[in-house]
Amino acid sequence: MSNRALCREASHAGSWYTASGSQLSAQLDGWLSQAQTSKRPARAIIAPHAGYTYCGSCAAHAYKQVDPSVTRRVFILGPSHHVALSRCALSTVDIYRTPLYDLHVDQKVYGELWKTGMFERMSLQTDEDEHSIEMHLPYTAKAMERYNVVFHIACHKDDLTIVPVLVGALSESKEQEFGKVFSKYLADPTNLFVISSDFCHWGQRFRYTYYDESQGEIYRSIENLDKMGMSIIEQLDPVQFSNYLKKYHNTICGRHPIGVLLNAATELQKNGVNMSFSFLNYAQSSQCRSWQDSSVSYAAGALVVH
């Protein structure tokens, strides 16, 4: 048996974002420099997973709240776009490659999660086909860099580990169960949760064309719909969020990872932990004005424990 580490390649580099480490680093630095630090240190963030040309600047508002001097481990919860999954799945690899540097999977935490009997394994093919986790890896790598003042260089932390979790189409009760499992990790200040989600996918190609004419142009109706959901997320209320989704069917692709976070937060609040969530940025890929148009919305926010 070989002891060679299994790696997941950066399969979307060169298409969804640049494969050049130096270019990518400069791009991410540029977007981060435009964002304000207001909710630090974040214990959890919600950020989009589209191509960086569409959502890179929006995501920066969430990643700017990450404090590398506090965070040691990053959980990344991404929705499954390609395979039907009714539970959550763990990766089979040891290392996730990025054009910046390699990120190591936390095998100790993986072992603890596996022992619950609630998780399945995703194949390497599923892992590399999926973009919802990968799009957060370069930003995670960048946000976790520490600047060495003596040598004037950015260094990455050798003790940084990641916990990638592919989240299936969970029922409300499953979201609650997984929320309980993750709540003990959310309680630890050295952990950061990255919740991967875009917001409304609007247009005939997404088979979703909800329009409230009282809002004016279509893109205003979309923004109003998204912000209704965002304000419920800010209240950290999983039941109200489920009701909102049942009522409007908003095409928020990371609704299940968000549901898991809300349930984990609720669990901690029951134990007297005081926390707050705030959205810091909202954007749309384009402004829809006619039924022929389409757009995807992006939102970035952070959870802080007081």
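Side chains are part of it too, since the values below use all heavy atoms of this structure and drop only hydrogens, waters and symmetry mates.
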For this session: Could you list all the ring-ring contact (aromatic ring centres under 6.0 Å, His included) pairs where at least one residue sits in residues 248-275, not counting sequence neighbours?
Result: Y210-Y248, Y244-Y248

Exercise. Quick one: are R289 and I218 in side-chain contact, heavy atoms under 4.5 Å?
Worked result: no

For this session: Answer yes if the side chains of E9 and Y96 hold a donor-acceptor pair under 3.5 Å, and no otherwise.
Result: no

Exercise. Do Q284 and S295 have side-chain atoms, one donor and one acceptor, less than 3.5 Å apart?
Worked result: no

For this session: Scan L303, L262, I45 and name whichever one has a side-chain contact (heavy atoms from CB on, under 4.5 Å) with F277.
Result: L303

Problem set entry | Flag for S276-H306: side-chain donor and acceptor within less than 3.5 Å | yes

For this session: Would you mind reporting whether T140 and I76 have side-chain heavy atoms less than 4.5 Å apart?
Result: yes

For this session: Compute whether any side-chain donor of one residue and acceptor of the other, for S171 and S173, lie under 3.5 angstrom apart.
Result: yes

For this session: Rounded to the nearest 0.5 Å, what's the gap from CG on N224 to OH on Y219? Could you check?
Result: 13.0 Å

For this session: Run through L32, V66, V194, L100 and flag the one making a side-chain contact (heavy atoms from CB on, under 4.5 Å) with Y139.
Result: L32

Exercise. Which pair of non-hydrogen atoms, one from F119 and one from L113, has the smallest distance, and what is that distance?
Worked result: CD1-O, 3.3 Å

Exercise. Less than 6.0 Å separating the ring centroids of H49 and H81?
Worked result: yes

Exercise. If you take all heavy atoms of K39 and Q65, which pair is closest and at what distance?
Worked result: N-OE1, 2.8 Å

Problem set entry | R220 CZ: over 12 foreign heavy atoms closer than 6.0 Å | no

Problem set entry | Residue that, paired with R72, satisfies side-chain contact (heavy atoms from CB on, under 4.5 Å) out of D106, L192, D159 | D159

For this session: Report the residues that fulfil side chain to side chain donor-acceptor pair (under 3.5 Å) with E234, sequence neighbours left out, ordered by chain and then residue number.
Result: none

Problem set entry | Minimum heavy-atom distance R255-S197, with the two atoms named | N-OG, 4.3 Å

Problem set entry | Donor-acceptor pair between T92 and R121 side chains, under 3.5 angstrom | no

Exercise. For the side chain of T71 and the backbone of R73, is there at least one donor-acceptor N/O pair under 3.5 Å apart?
Worked result: no

Exercise. Do S196 and H136 meet the criterion of a side-chain donor-acceptor pair at a distance under 3.5 Å?
Worked result: yes

Problem set entry | Audit row: S297, Y282, side chain to side chain donor-acceptor pair (under 3.5 Å) steps and yes/no | CA-CA 7 Å; S297 310; Y282 175 79; 3.2 Å; yes

Problem set entry | side chain to side chain donor-acceptor pair (under 3.5 Å) between E134 and Y17, worked out | CA-CA 11 Å; E134 180 181 341; Y17 56 96; 2.6 Å; yes

